[in-house]
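Heads up: the structure comes next, in structure tokens.
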Amino acid sequence: MITRREAAKGVALTALSYSRVMGANDRIGVGVIGTGSRGTYVMTLFQKNADVEVRALCDVYAARIDEAQQKAPGTKTFRAHEELLALKEVDAVLVGSPDHWHKTHAVDAMNAGKDVYVEKPMCRTREEAPLMVKAARINDRILQIGVQQRSGPIYIEPLELFVRTGKLGKIAHIDAIWHGGVTRRMVTEPAEKPSNLDWARFLGPVKYRDWDPGQYFNFRAYLDYNGGKMTDFGHHWMDVVHMYMGERAPRTASFAGGIYYDFKDGRTAPDTCNALFEYDGFSTLFQSNAYGNPPEYGITFYGDKGRLFVNRNRYEFLSAEKGAQPVVKRTPGDITADHVRNFLDCCKSRKHPNGDCGVASISILPPLLAVQSYVEKRQIRFDPDRLEVFPL
């Protein structure tokens with residue numbers, strides 16, 4: 001069992017620990033595992049960097065490889081990730097596969113000597129996170145989790161200006177909101193599995209079931225593959241909570257919600273998610289519900305000296321002093337590009353990246369505990385030091 005302190009701290013890495021010591025001007029050969037919409041998009045952000053060359057693509061669905069290869073012509077293509085990882089010309093791997101494959105793809109890549117950028121959520125179960133951290137540390141690999149807020153200036157600046165300076169004061173409660181749109185029925189086409197799609201490999205560690213287009217194209221609606229909105233949006237926002245408040249898990253997790261828009265289509269992930277977490281000295285309420293006209297997404301920190309709101313494109317601080325005017329900053333663009341650049345820099349420097357697996361292995365715990373609360377229909381009591389759920 002890796003302790004919280006060990007996970008967050010890790011071990012010191014040096015440039016000499018890198019299997020292929022890279023110079024500042026060397027190109028990093030990248031392989032992409034999972035070329036769906038998100039994986040392909042993040043791949044294009046890698047390609048914006050002059051020191052990157054995408055050299056290989058892997059997916060269980062040949063049609064998606066073909067689409068990605070239009071943006072990365074000349075790449076080698078594979079259905080099995082093990083074949084991609086055998087390529088010596090691949091130095092780093094972008095994992096954009098569905099959540100239930102994240103641990104295996106990341107660990108296999110690190111065991112093959114590759115640095116890894118894996119999309120959030122970090123993993124599907126609490127047991128998987130320590131295995132990913134262990135693989136990173138024993139192989140001296142960089143493992144960046146796609147919690148891009150860690151690299152976003154729009155998050156870093158208010159943290160320094162208002163939280164660490166004490167201007168916000170004592171923070172007693174946090175609202176983290178990321179509502180989804182109206183729930184819709186699962187797709188039913190194509191009724192027959194495409195001949196160039198490896199359904200068995202897509203399922204991987206998940207119990208076998210016959211072809212189901214809804215489960216392939218909308219896997220986030222099924223708890224067999226992930227934690228639904230709790231791990232999709234929840235890992236992002238709870239990671240920001242930890243970024244601002246400290247790398248420590250909550251003591252309790254309580255879930256309220258469920259499948260309130262039930263189309264009887266087999267989905268198992270709740271569409272209405274309200275999770276309350278109790279930490280040492282503060283509480284956090286995460287909400288992701290199926291609203292047709294939702295309020296602005298973002299996180300609000302409530303302190304005794306003011307209030308701070310932040311999301312990916314703006315922050316607003318309002319002091320509690322009488323007559324105070326809000327301090328507002330807006331920024332365009334996608335902070336994922338900053339996170340990708342941080343990963344590439346760390347591939348060369350061997351420093352821990354901003355979204356290092358150590359810190360992400362702690363921030364994935366709240367959403368996973370909330371999923372457990374939903375499934376078991378009880379409050380989950382958790383030991384943030386031993387990283388264990390208390391027995392009933």
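The chain is numbered in sequence order, starting from 1. The model shown is predicted, which means the values in this text are computed figures rather than measured ones.
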Q372 vs M230, test: side chain to side chain contact (heavy atoms under 4.5 Å, CB included). Steps then yes/no. CA-CA 11 Å; Q372 183 177 353; M230 280 307 314; over 6 Å; no
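- The residues K348 and D51 are annotated as salt-bridged, a charged nitrogen and a carboxylate oxygen being separated by less than 4.0 angstrom.
- The ring pair (Phe, Tyr, Trp, His ring centres under 6.0 Å) test with Y244 singles out one residue from W237, Y155, F301, and that residue is F301.
- Taking the six-membered ring where tryptophan is involved, the planes of Y225 and Y222 are perpendicular, since the angle between them exceeds 60° and thus also 30°.
- R220 has a carboxylate O that lies under 4.0 Å from a charged side-chain N of D232, or vice versa, which qualifies the two as a salt bridge.
- Between R27 and D91 there is no salt bridge, since no side-chain nitrogen of the basic residue lies less than 4.0 Å from a carboxylate oxygen of the acidic one.
- By the 4.0 Å N-to-carboxylate-O rule, R79 lies close enough to D198 to be salt-bridged with it.
- Residues Y279 and F282 bring their aromatic ring centres within 6.0 Å.
- A donor-acceptor pair is defined here as one N or O able to donate and one able to accept, closer than 3.5 Å; no such pair exists between the side chain of K71 and the backbone of Y41.
- Using a 30° and 60° split on the angle between ring planes, W211 and F217 fall in the perpendicular class, above 60°.
- Between W101 and F202, the distance from one ring center to the other does not fall under 6.0 angstrom.
- Aromatic ring centres of Y315 and F309 lie farther apart than the 6.0 Å criterion allows.
- With respect to the salt-bridge test (charged N to carboxylate O, under 4.0 angstrom), the residues R184 and D271 do not qualify.
- In summary, D280 and R251 engage in a salt bridge, as defined by a charged side-chain N under 4.0 Å from a carboxylate O.
- Of the charged side-chain nitrogens involved, none lies within less than 4.0 Å of a carboxylate oxygen, so that R55 and E89 do not count as a salt-bridged pair.
- Ion pair E247/R150 flagged as a salt bridge, since at least one NZ, NE, NH1 or NH2 atom sits closer than 4.0 Å to an Asp/Glu carboxylate oxygen.
- Between D66 and R64 there is no salt bridge, since none of the side-chain N atoms of the basic residue sits less than 4.0 Å from a carboxylate O of the acidic one.
- Ring-centre distance between F233 and F286: not below the 6.0 Å cut-off.
- Salt bridge status for D99 with R124: absent, with no side-chain N to carboxylate O gap under 4.0 Å.
- Salt bridge annotation for D212-K193: absent, with no cationic side-chain nitrogen under 4.0 angstrom from a carboxylate oxygen.
- Under the 4.0 Å criterion applied to side-chain N and carboxylate O atoms, R314 and E316 are assigned as salt-bridge partners.
- Note on E128 versus K134: no salt bridge recorded, every NZ/NE/NH1/NH2 to OD/OE distance being 4.0 Å or above.
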